[in-house]
Amino acid sequence: MRLHGVEPDNRTFPFLLQSLNSTPYLQSGKRIHAQVFLFGFDRDPFVQTSLIHMYSACGNPMLARQVFDEIAQPDLPSWNSIINAFAKVGLIHVAREVFDQMPQRNVISWSCMMKAYVMCGGYKEALGLFREMQMSDRGDGVRPNEFTMSSILSACGRLGALEHGKWVHAYIDKSGMKIDVVLGTALMNMYAKCGSIERAKCVFDNMGPSKDVMAWSAMISGLAMHGHATESLELFAEMIKCGVRPNAVTFVGVLCACVHGGLINEGKKYFRRMDEEFGIKPMIQHYGCIVDLYGRSGLISDAWKVVISMPMEPDVLVWGALLSGARMHRDVETSEIALKKLIQLDPTNSAAYVLLSNVYAKMGKWSEVRRVRDLMEERGIKKVPGCSLVEVGGVLHEFFVGDDSHPETREIYMMLDEIMKRLKMKGFVGNTSEALLQLDEEGKELALSFHSEKLALAFCFLKTSPGTPIRIVKNLRICCDCHDAMKMISKEFDREIVVRDCNRFHHFREGLCSCKDYW
DNA sequence: GTAGGGTTAG
């Protein structure tokens, strides 16, 4: 255009700047920025916002800020863009500062800020912000829309806050918002992550024929997470029949279904089809699934073969998968190697140190136990405390291991004591095999009995009427002892208990768990 | 001509 002697105008630049949207374009972006000055459009609000967006997309939030700071009276789009620029690189506090400084905010500003919190794991902050938006004095009189709701649903899902999520769903229906593919996917994902796979399926079935690959993938992963392997794979077949092309994420869900269902041959088959039939090159996540698939089934040497032959360096997730298989099948040598790799790749992984010292204890290598403990001390590594979340009456309650900070602590511990007494009467024996070896038998059992999920459970017994299903969300993997206890409680007290641990769902009912004791 | 939403192993 320039060679033809055509002069750009202020409308040319926003189009042009939009195309410079990743790091390799930073230099071109700077050159175009110079042209903006040259042609005198640096005071055009549309051009300014486009420049902020461009620098942010090219990975340079500080240049974005420079542009922003030059603007005398930034309009809403530039404020919102700069918030996004900071949020994108994880500078959540800076984003929030800017947000608080805004003279006014629209629904986009609020939605951006909520998304920012969700992106950095601040789920409760996102929900708090949503509540704030709805308060008339601070909320700028802004009403939420589909964009806002999608982010909020994502936060509910991550937290496992079913009551909150149901409320949001009701709000969406009441406000007449249209449930499009994106909002539908968000809803489905929320229900699946909150333990209600039935509701997720219901949303999915009501979504109509316009479902895209993300919508299908969300349902496939949801079913997998809940251990409904066959249904998940059937859905995958249906998706193909509907002419929707799967992507890499879809296959993570499919392989995950095979892992949780213990379907080794199926898993191998899908792994092959991925590339052969759909031209999707397996990524590290897929290799991780295969390692997991073999490991859980006790085929540790096959798992090793995958780890050694994969075309990329195994990451913490791959070593973690190998480790869980090795632990499950008591392969101490593999456990040791995997744990060493885990610590090497992430020296702050507290669980890895603890497990490694346990492995050495099991092998009787007491000097090694000491060495790992010292290393932990030296590096100042603290154990990540177990934490469980329950929602009672629409309020989220959080419990840590051995927590005594809840106002009703006394009652909770008394209730837990009653529950455990009844289990013991019925022959329950604590399963201490996963506990630290340093403690004596009695001490171990005591430590186990105050695991956060047990406290959360006791709290639910106090606060809900008999027969009410109990839903617990845990940050770590559920231990054998708690798993055994939950099974028995579901039978003895006739309660349905759903526990979401960091990997999957456990539906306890009538003394059995949906994971078939395979997790 | 500018700003915002959903799926991802253990």
Side-chain angles (χ1 to χ4, degrees), chain A residues 8-18 41 44-54 56 74-85 87 105-116 118 144-154 157 179-190 192-193 207 211-222 224-225 246-260 267 283-293 295-296 315-325 342 351 476-477 501-504 519:
Chain A
D9 67 6
N10 59 338
R11 314 237 163 172
T12 312
F13 286 100
F15 286 125
L16 186 55
L17 288 164
Q18 271 180 32
F41 298 123
D44 183 298
F46 284 80
V47 175
Q48 287 165 336
T49 299
S50 302
L51 281 167
I52 296 171
H53 189 268
M54 180 275 292
S56 162
D75 60 358
L76 273 167
S78 25
W79 278 103
N80 294 340
S81 282
I82 196 67
I83 288 182
N84 247 336
R105 301 163 202 84
N106 63 7
V107 63
I108 299 178
S109 325
W110 285 92
S111 305
C112 284
M113 199 59 227
M114 287 177 214
K115 172 79 198 302
V118 172
N145 62 15
E146 291 85 343
F147 288 75
T148 327
M149 290 316 200
S150 304
S151 288
I152 285 307
L153 285 169
S154 174
I179 297 182
D180 59 12
V181 225
V182 178
L183 196 51
T185 305
L187 268 171
M188 203 161 82
N189 182 45
M190 178 278 291
K193 284 205 166 64
M207 268 170 72
K211 292 184 285 284
D212 64 3
V213 62
M214 282 192 188
W216 286 94
S217 304
M219 195 65 230
I220 288 168
S221 304
M225 244 190 329
N247 63 18
V249 178
T250 319
F251 274 100
V252 172
V254 167
L255 293 175
C256 178
C258 298
V259 169
H260 289 309
M283 304 191 307
I284 197 153
Q285 290 99 317
H286 305 106
Y287 284 102
C289 288
I290 296 296
V291 171
D292 198 12
L293 186 67
R296 277 171 200 257
D315 62 358
V316 284
L317 299 167
V318 173
W319 288 114
L322 183 65
L323 170 68
S324 61
L342 281 171
L476 308 172
R477 190 172 167 275
D501 73 7
C502 61
N503 297 332
R504 58 163 298 152
W519 80 100

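So that the names make sense, note that chain A is the first sequence line, chain B the second, and so on, each numbered from 1. All values below were derived from every heavy atom in this structure, side-chain atoms included, with hydrogens, water molecules and symmetry-related copies excluded.
A/Val259 pairs in a side-chain contact (heavy atoms from CB on, under 4.5 Å) with only one of the listed residues (A/Ile290, A/Val254, A/Leu293, A/Asn503), which is A/Leu293.
Distances from the side chain of A/Ser150 to the nucleotides B/dG6, B/dA9, B/dT8 place B/dG6 closest. Distances from the side chain of A/Val249 to the nucleotides B/dT7, B/dG6, B/dA9 place B/dT7 closest. With B/dG5, B/dA9, B/dT7 as the candidates, the nucleotide lying closest to the side chain of A/Ser154 is B/dT7. When distances are taken from the side chain of A/Lys115 to each of B/dA3, B/dG1, B/dG6, the shortest belongs to B/dG6. Closest to the side chain of A/Asn80, from the set B/dT7, B/dA3, B/dG5, is B/dA3. The side chain of A/Ala186 has B/dG6 as its nearest neighbour among B/dG5, B/dG1, B/dG6. Residue A/Ser81 places its side chain closer to B/dA3 than to any other of B/dG4, B/dA3, B/dG5. Taking the side chain of A/Val318 as heavy atoms from C-beta on, and the options B/dA9, B/dG6, B/dA3, the nearest nucleotide is B/dA9. Nearest nucleotide to the side chain of A/Cys256, out of B/dG6, B/dG5, B/dA9: B/dA9. With B/dT2, B/dG5, B/dA3 as the choices, the nucleotide that has an atom nearest any side-chain atom of A/Pro14 turns out to be B/dT2.
Between A/Asn189 and B/dG6 there is no side-chain N or O to OP1 or OP2 distance below 4.0 Å. Contact annotation: A/Lys193 reaches the phosphate of B/dT8 (side-chain N/O to OP1 or OP2, under 4.0 Å). A close approach under 4.0 Å does not occur between any side-chain nitrogen or oxygen of A/His53 and OP1 or OP2 of B/dG1. The shortest distance between the side-chain N/O atoms of A/Gln18 and the OP1/OP2 oxygens of B/dT2 is below 4.0 Å.
Put simply, the side chain of A/Asp9 and the base of B/dG1 share no donor and acceptor less than 3.5 Å apart. With hydrogens and angles ignored, no donor-acceptor pair under 3.5 angstrom links the side chain of A/Asn503 to the base of B/dA9. A/Thr49 contributes a side-chain N or O that forms a donor-acceptor pair with the base of B/dT2 under 3.5 Å. Contact of A/Asn145 with B/dG4 (side chain to base): a donor-acceptor pair of N or O atoms is detected under 3.5 Å. At a cut-off of 3.5 angstrom, counting only N and O atoms as typed in the model, there is a donor on one side and an acceptor on the other between the side-chain of A/Thr185 and the base of B/dG6. The base of B/dG4 does not come close enough to the side chain of A/Asn106 for any donor and acceptor atom to sit less than 3.5 Å apart.
The side-chain contact (heavy atoms from CB on, under 4.5 Å) check on A/Ser78 picks up A/Thr49, A/Ile52, A/Phe68, A/Ile71, A/Pro74, A/Asp75, with sequence neighbours excluded. By the ring-ring contact (aromatic ring centres under 6.0 Å, His included) test, A/Phe251 is found to be paired with A/Phe236, A/Phe278, residues two or more places apart in sequence or in another chain being considered.
In plain terms, the two heavy atoms of A/Ala215 and A/Val181 that are nearest each other are CB-CG1, 4.2 Å.
Of the N and O atoms on the side chains of A/Thr250 and A/Asn247, at least one donor lies less than 3.5 Å from an acceptor on the other residue.
Rounding to the nearest 0.5 Å gives a distance of 9.0 Å between CE of A/Met207 and CG of A/Leu187. A distance of 5.5 Å separates CG in A/Leu183 from CG in A/Asp180, rounded to the nearest 0.5 Å.
Rounded to an integer number of Å, the gap from CE of A/Met214 to P of B/dT8 is 10 Å. Atom CG of A/Asn247 and atom C1' of B/dT7 are 8 Å apart (whole Å). One atom, CG of A/Asp75, and another, C1' of B/dG1, lie 13 Å apart when rounded to the nearest Å. Remark: C1' of B/dG4 and CE of A/Met113 are 13 Å apart, rounded to the nearest angstrom. Rounded to an integer number of Å, the gap from A/Leu76 CG to B/dA3 P is 13 Å. Spacing between atom CH2 of A/Trp79 and atom P of B/dG4 amounts to 17 Å, rounded to whole angstrom units.
Among the heavy atoms of the strands, none lies under 4.0 Å from A/Ile290.
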